[in-house]
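Chain letters run A, B, ... following the sequence lines, proteins first and then strands; every chain starts at 1.
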Amino acid sequence: MQTRREIYKSIKEIPREEFLAGGTGLCAGCGGLLALRLFHKALGAKTVVVNAAGCMTLVAVFPFTPFHSSWLYTAMASAPAGAQGIRDALDVLIAKGKLPADEDLKVVVVTGDGAATGIGLQATLAAIYRGLDFYYFCYDNEAFANTGFQMSPASPLGSRTATTPIGTTTRKENLFELWRAQRPPFVATVSPAYPLDLMDKVARAGRWRGPKLFISLSSCPPGWGIEPADSVEVAKLAVDTGVWPLKEAHDDEVVHTVIPHRLHPVEEYLKRQARYRHLFEPVRKADILRQLQADVDGYWQRLGAAAPVARVAQDDWSV
Amino acid sequence: MRRDLLTGNAAAAWGARLAEVDYIPAYPITPQTEIIEDLAQWIGRGELEARLVTLDSEHSMLTAAGAAAATGARVFTATSSQGLVYGFEMLYTVAGWRVPLVLVNVSRALAAPITLEPDHNDVLAARDSGFLQIHAETCQEVLDSVLMAYRLTEHPDVLLPVLVNLDGFYLSFTREPVSLPAAAAVREFLPAYQPVHAKLSAGHAMAQGVAVLGGSAYAFFKYQMQRAAEAALAVHAGIAAEFADRFGRSYGVVEGYQLDDAEWVIVMANSFSTVGKAEVSRLRAGGEKVGLLRLRLVRPFPVATIVAALSGRRAVAVIDQNISIGKGGILFAEVASVLRGGSAPPLRSFIGGLGGRRFRSEEFDLMLAALRQAEHSGGSSEPHLLFSETEYLQLREMLRIAHGQK
């Protein structure tokens, strides 16, 4: 497996210090929470999280907070605008000498995919346009998971949600490219199953001022229909099957940071999750399965000859 | 101190400038744009040391405003009409954060149909949000109210955001002589903002606006807001007394005009009260003992002051420039709700001035006649909709022309 890391090269380099205490009220095995915990380790304690409505809103429930940093719940549509207000206020107060410079904070938006791709997209694009110096962490569990797993624009083709009981008929919205179109200094995909890759990206992204995106494909045991204990393994399969490419972009170039030598068949990932069970039983939905594999193959083939090719059993292609 | 001819919008901008605000998130909407444009020019010329950022919507603007206030900045912003209702979710949120903020609303009627002219459905829709509301009649009052609003919102017993309201077009674009207090005098009245609440910075980790489950914590916080709003009445009285001492202009929670010996009272708010006062003078000249009560603080609602001012009158008319569809005038309901018992006067409800429509003298004659009748037949909560036969015929004529009929 080919990897690209500069700062966090070994698992031993992950700080033992925790900024997000255990014992939150979130679901067991939440991939998003694991990713956020790693994300926070890379950022440090001088951080303020601006939250949009979603699963993570229930991380802090009055009068308890697991954060060693600060936290502001705004609203579903406007967390990036909240980040703008905090960033501007810190800048103005420091410039006027009303706040010591060492009281400064890194400003982070934490949002689910539903807000990131839908109701919050306007405020997000506007914050990128203004060049706001902030981190944007999207825990992408591919649905409105906090409200019972309804379809969001990030729900992938064929996946079952509470509002698409026989599977979605639309492709996942491409948040990475939506951001990249505005050329922010740093955009990346990450995974809780690849902690060094995640933390390395967060640490390196700090070199740039401006909007910095991290989309974490966040395995969701109740929504995806997986065991909490299998959450990280399924998240890893998303990368190893090529469904969730780990990549980053600054300037114009997209760089893949984790490239499996050989991709596993997409079905290995799908078969592990109840949200795709209707593709296999009572009858096999060969058309959609073929389409899902072709989408992944097409993505990697467009990257050129160096890209890995999926190893697919011949009988998987029979109708 | 100097006197300038200022529009209501410019007076609002001067209020923010003299308050030496740190931060102004903005989004344009007619008729409030001049406020932000003035501030932008002053910042551009180095006359105001503040950061102005244009946001993508009023929803984002209010989020940024509240978040900056939670960080410890003195924040000002302004909106109007559709913008206020677009940002509505954040009114409740910012008020719940218990951060100080002054928001100027330039009242404009709400679509549909779309119009640019004023009534008060926009601002009164926000009356339950936790924002305190000051409604101004004159350009001078706009400026003075912005300064007083900062003292009110930053007071540790209050810490609720304050909305200062002025009428679009009738006040926003009307020039009146306005006394501009000297910056040094304002600084004595309104020193630089020192946050007394927890604020977002590295030294003080805090969680703000977090979820509460189970109901009792939610009720606790809402009751705290109610108590703070109640406390704001006494705080306002102190601020108003100090303001009068320093600047010679006195503002109560209500304003009485020819009220002392009035037998018949008309209740109004905002700039059209000036028309009401002229009509009261006209009726007084004809020997009628009429007075006017202008509501200045709408939230908190100055219940005791209103009860004292209206009790024992022969009858009271409430004029609403708003309409709660299916019910009637909002201020009528507010006033009626606090008046009961033996000395409570009969009440009559009138709705007019919608979308900037001017009141007419005949309508005040009609109101007085209705009050005479009400004294004997008791109160009625049925709203009287002010719309004349002439207006109806003019509308029919416009439709006839639009249809190409001869």
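Residue with the most contacts toward chain A among Leu213(B), Thr93(B), Val53(B): Val53(B) (heavy-atom pairs, distance under 4.5 Å). Contact count against chain B (heavy-atom pairs under 4.5 Å) is highest for Ile86(A) among Val61(A), Ile86(A), Asp104(A). Taking Ala205(B), Ala69(B), Gly66(B) one by one and counting their heavy-atom pairs under 4.5 Å with chain A, the maximum is reached by Ala205(B). Counting heavy-atom pairs closer than 4.5 Å to chain B, the top-ranked of the candidates Ala123(A), Ala81(A), Gly82(A) is Ala81(A). Ranked by non-hydrogen atom pairs under 4.5 Å with chain A, the options Ala207(B), Ala65(B), Gly209(B) are led by Ala207(B). Between chain A and the residues Met61(B), His204(B), Lys199(B), His59(B), the largest count of heavy-atom pairs under 4.5 Å involves His59(B). Annotation: maximal heavy-atom pairing with chain B below 4.5 Å, among Asp91(A), Val50(A), Val59(A), Leu125(A), occurs at Asp91(A).
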Review point. Please walk me through it: do Lys106(A) and Asp133(A) pass salt bridge (charged side-chain N to carboxylate O under 4.0 Å, His left out)?
Key: CA-CA 9 Å; Lys106(A) 291 175 182 168; Asp133(A) 185 28; over 6 Å; no
Review point. After noting the C-alpha distance and the side-chain angles of Ser69(A) and Thr47(A), does the key distance pass the side chain to side chain donor-acceptor pair (under 3.5 Å) rule?
Key: CA-CA 6 Å; Ser69(A) 52; Thr47(A) 297; 5.5 Å; no
Exercise for review: Evaluate the side chain to side chain donor-acceptor pair (under 3.5 Å) criterion for residues Gln226(B) and Glu230(B): first the C-alpha distance (whole Å), next the side-chain angles of each, then the deciding distance (0.1 Å), finally the verdict.
Suggested key: CA-CA 6 Å; Gln226(B) 169 67 15; Glu230(B) 288 165 0; 2.7 Å; yes
Point to revise | CA sep, side-chain torsions, deciding dist, call: Glu20(B), Arg74(B), salt bridge (charged side-chain N to carboxylate O under 4.0 Å, His left out) | key: CA-CA 8 Å; Glu20(B) 297 180 341; Arg74(B) 182 175 279 166; over 6 Å; no
Practice item. For Thr117(A) and Asp113(A), run side chain to side chain donor-acceptor pair (under 3.5 Å): C-alpha distance rounded to whole Å, both residues' side-chain angles, the deciding distance at 0.1 Å, then the answer. Key: CA-CA 6 Å; Thr117(A) 58; Asp113(A) 53 280; 5.3 Å; no
Practice item. Show your working on side chain to side chain contact (heavy atoms under 4.5 Å, CB included) between Cys55(A) and Asn141(A) and close with a plain yes or no. Key: CA-CA 10 Å; Cys55(A) 295; Asn141(A) 47 35; 3.9 Å; yes
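Both the backbone and the side chain of Ser201(B) come within contact range of chain A, each with at least one heavy atom under 4.5 Å from a heavy atom of that chain. Proximity to chain B (any heavy atom under 4.5 Å) is shown, for Leu90(A), by both the backbone and the side chain. Using a 4.5 Å cut-off between heavy atoms, Asp102(A) contacts chain B through its backbone alone, with no side-chain atom that close. Using a 4.5 Å cut-off between heavy atoms, Leu99(A) contacts chain B through its side chain alone, with no backbone atom that close. Interface remark: Lys98(A) contributes side-chain atoms only to the contact with chain B (heavy atom separation under 4.5 Å). With a 4.5 Å cut-off on non-hydrogen atoms, Leu72(A) touches chain B through its backbone and its side chain both. Neither the backbone nor the side chain of Gln194(B) has a heavy atom closer than 4.5 Å to any heavy atom of chain A. Both the backbone and the side chain of Asp88(A) come within less than 4.5 Å of a heavy atom of chain B. Only the side chain of Thr65(A) comes within contact range of chain B, with heavy atoms under 4.5 Å apart. With a 4.5 angstrom heavy-atom cutoff, Val48(A) touches chain B only via side-chain atoms. Contacts of Phe221(B) with chain A are made by side-chain atoms alone, with heavy-atom separations under 4.5 Å and no backbone atom involved.
Using a 4.5 Å cut-off between non-hydrogen atoms, the part of residues 80-92 of chain B that approaches chain A consists of Tyr86(B), Glu89(B), Met90(B).
The closest donor-acceptor contact from the side chain of Lys212(A) to the backbone of Phe186(A) lies at 3.5 Å or more, if one exists at all.
Between Thr71(B) and Ala89(A) the shortest heavy-atom distance is CB-CB, 3.6 Å.
Counting heavy-atom neighbours within 6.0 Å of Glu49(B) CD, excluding the residue itself, gives a total of 12 or less.
Taking the six-membered ring for Trp and thresholds of 30 and 60 degrees, Phe39(A) and Phe214(A) have ring planes more than 60 degrees apart, a perpendicular arrangement.
Tyr139(A) pairs in a side-chain contact (heavy atoms from CB on, under 4.5 Å) with only one of the listed residues (Cys30(A), Pro192(A), Ser218(A)), which is Ser218(A).
Under 4.0 Å is where a charged nitrogen must lie from a carboxylate oxygen, and between Arg51(B) and Asp22(B) no such pair does. In summary, Glu142(A) and Lys172(A) engage in a salt bridge, as defined by a charged side-chain N under 4.0 Å from a carboxylate O. Salt bridge status for Asp122(B) with Arg108(B): absent, with no side-chain N to carboxylate O gap under 4.0 Å. Using a 4.0 Å cut-off between charged side-chain N and carboxylate O, Glu103(A) and Lys46(A) make no salt bridge.
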